[in-house]
Structures are given as C-alpha cells and as structure tokens.
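Below: one structure, written as structure tokens.
Heavy-atom basis, side chains included; hydrogens, waters and symmetry copies ignored.
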Amino acid sequence: QVQLVESGGGLVQAGDSLRLSCAASGRTFSSYVMGWFRQAPGKEREFVAAVSSSGGNSWYADSVKGRFTISRDNAKNTVYLQMNSLKPGDTAEYSCAARARSSAYLIGDPGTYNYWGQGTQVTVSS
C-alpha cells in the first residue's frame with residue numbers, strides 16, 4: 001500500500017513557475033514508476049509526466065515538454081514536478097500516481113497506475 005500526498009499548488013500568473021511535491025508513504029517507493037496527471041473542469045484526466053523508479057528515465061506530454069520537469073528523490077520518498085512558463089491552459093487539479101509496472105508501455109494511461117493522491121489545484125491567470 002502506498003499513500004500519496006501532493007502539495008505546492010496555488011494561484012499564479014502566466015509565465016510564473018511552481019514546484020509540486022508528492023510525498024509517499026511506505027518503504028517500497030523506489031520500486032514504483034511515478035506519474036503526474038491533471039484534470040481541468042469538464043475535461044478528462046490528462047497525462048503530464050512520469051519518471052522511472054530509479055529516476056533515470058522520464059516521459060512527458062507534448063503540451064508540457066520543455067516547460068515541465070519531473071524528478072524524484074527516493075531517499076525522501078518524494079516526486080516533484082517543476083513547472084515553468086505556466087500558461088492559463090495549465091490550470092487544473094494535479095495528481096500524482098504510483099505504478100507498479102516498470103515498463104514504459106502505456107505510461108500515459110491512468111488506468112495502469114495503482115495508487116493516487118488527492119490532488120492539488122494549480123490556477124494560472126492571464
């Protein structure tokens with residue numbers, strides 16, 4: 001069992017930066033692929049980024065590539081999402097998720113993730 005708690009969301013202006021954190025419980029954190037997803041009102045949940053269990057590989061949605069960076073610190077059981085050059089279109093609730101499957105197959109499919117946090121709201125004003 002893994003419990004995930006996100007933090008770091010808030011209200012910012014376009015062009016600003018935010019760093020989201022996701023703290024995980026449990027001693028098996030380092031064995032999970034970790035991902036970030038977001039969901040805007042009236043829209044489906046959308047893949048943002050994922051990082052391999054070791055942190056050596058990462059994957060991004062095209063919409064955030066070059067602006068967002070995912071990283072993890074296995075010693076602190078924490079995964080981060082650094083978000084730069086934020087746009088109003090990035091406004092959403094952001095959730096982290098843990099996936100036991102280690103391959104990159106269907107890495108962006110939320111149905112392949114086993115545990116989810118409650119989410120943190122990010123609002124970007126123009």
*In terms of the angle between their ring planes, are Tyr32 and Tyr115 parallel, tilted or perpendicular, with boundaries placed at 30° and 60°?*
perpendicular

*Between atom CH2 of Trp116 and atom CD of Glu6, what is the distance when rounded to the nearest 0.5 Å?*
9.5 Å

*Are a donor atom and an acceptor atom from the side chains of Arg99 and Tyr113 found within less than 3.5 Å of each other?*
no

*Please check if Leu86 and Leu81 belong to a single hydrophobic cluster, counting links between Ile, Leu, Val, Met, Phe, Trp and Tyr side chain heavy atoms closer than 4.5 Å.*
yes

*Just wondering, do Val12 and Met83 contact through their side chains at under 4.5 Å, heavy atoms?*
no

*Compare every heavy atom of Ser85 with every heavy atom of Arg67, then report the nearest pair and how far apart it is.*
NH1-O, 3.0 Å

_Side chains of Phe68 and Leu18 in contact at under 4.5 Å (non-hydrogen atoms)_ = no

*For Asp109 and Phe47, what are the C-alpha separation, side-chain angles and deciding distance, and is it a side-chain contact (heavy atoms from CB on, under 4.5 Å)?*
CA-CA 7 Å; Asp109 182 352; Phe47 170 73; over 6 Å; no

_Minimum-distance pair of heavy atoms, taken over all atoms of Trp36 and Leu20_ = CH2-CB, 3.7 Å

*Ser30 side chain vs Asn74 backbone, donor-acceptor pair below 3.5 Å*: no

*Of all heavy-atom pairs between Ile70 and Ser58, which one has the smallest distance, and what is that distance?*
CG2-CB, 3.8 Å

*Measure the spacing between SG of Cys22 and CG of Asn77 and express it to the nearest 0.5 Å.*
10.0 Å

*Starting at OG of Ser52, measure out to CG of Asn57 and round the result to the nearest 0.5 Å.*
4.5 Å

*Which pair of non-hydrogen atoms, one from Val51 and one from Val79, has the smallest distance, and what is that distance?*
CG1-CG2, 4.1 Å

*What distance separates Gln13 CD from Ser125 OG, expressed to the nearest 0.5 Å?*
5.0 Å

*asked:* Apply salt bridge (charged side-chain N to carboxylate O under 4.0 Å, His left out) to residues Lys65 and Asp62 and explain how you reach the verdict.
replied: CA-CA 5 Å; Lys65 205 171 290 184; Asp62 288 343; 3.2 Å; yes

_Using the rule that Ile, Leu, Val, Met, Phe, Trp and Tyr join whenever any side-chain heavy atoms are under 4.5 Å apart, tell me whether Val122 and Leu4 fall into a single cluster._
yes

*Count the heavy atoms belonging to other residues, nucleotides or ligands that lie under 6.0 Å from CD of Gln121, then report whether that count exceeds 12.*
yes

*Carefully, step by step, assess Asp90 and Arg38 under the rule side-chain contact (heavy atoms from CB on, under 4.5 Å).*
CA-CA 9 Å; Asp90 295 318; Arg38 66 187 183 186; 2.9 Å; yes

_From Thr69 atom OG1 to Arg19 atom CZ, the distance as rounded to the nearest 0.5 Å_ = 11.5 Å

_What verdict does the side-chain contact (heavy atoms from CB on, under 4.5 Å) test give for Val2 and Thr28, after you've listed the backbone C-alpha separation in whole Å, the side-chain angles of each residue and the deciding distance to 0.1 Å?_
CA-CA 8 Å; Val2 177; Thr28 59; 4.3 Å; yes

_Looking at every heavy atom in both Gly108 and Phe37, which two are closest together, and how far apart are they?_
O-CE2, 3.5 Å

*Looking only at non-hydrogen atoms, find the nearest pair between Val124 and Lys87 and report the distance.*
CB-O, 3.3 Å

*Flag yes if Tyr94 and Tyr60 sit in one hydrophobic cluster, no otherwise; membership is Ile, Leu, Val, Met, Phe, Trp, Tyr, and two members link when side-chain heavy atoms are under 4.5 Å apart.*
yes

*Just how far is it from atom OG of Ser95 to atom CD of Gln39, taken to the nearest 0.5 Å?*
8.0 Å

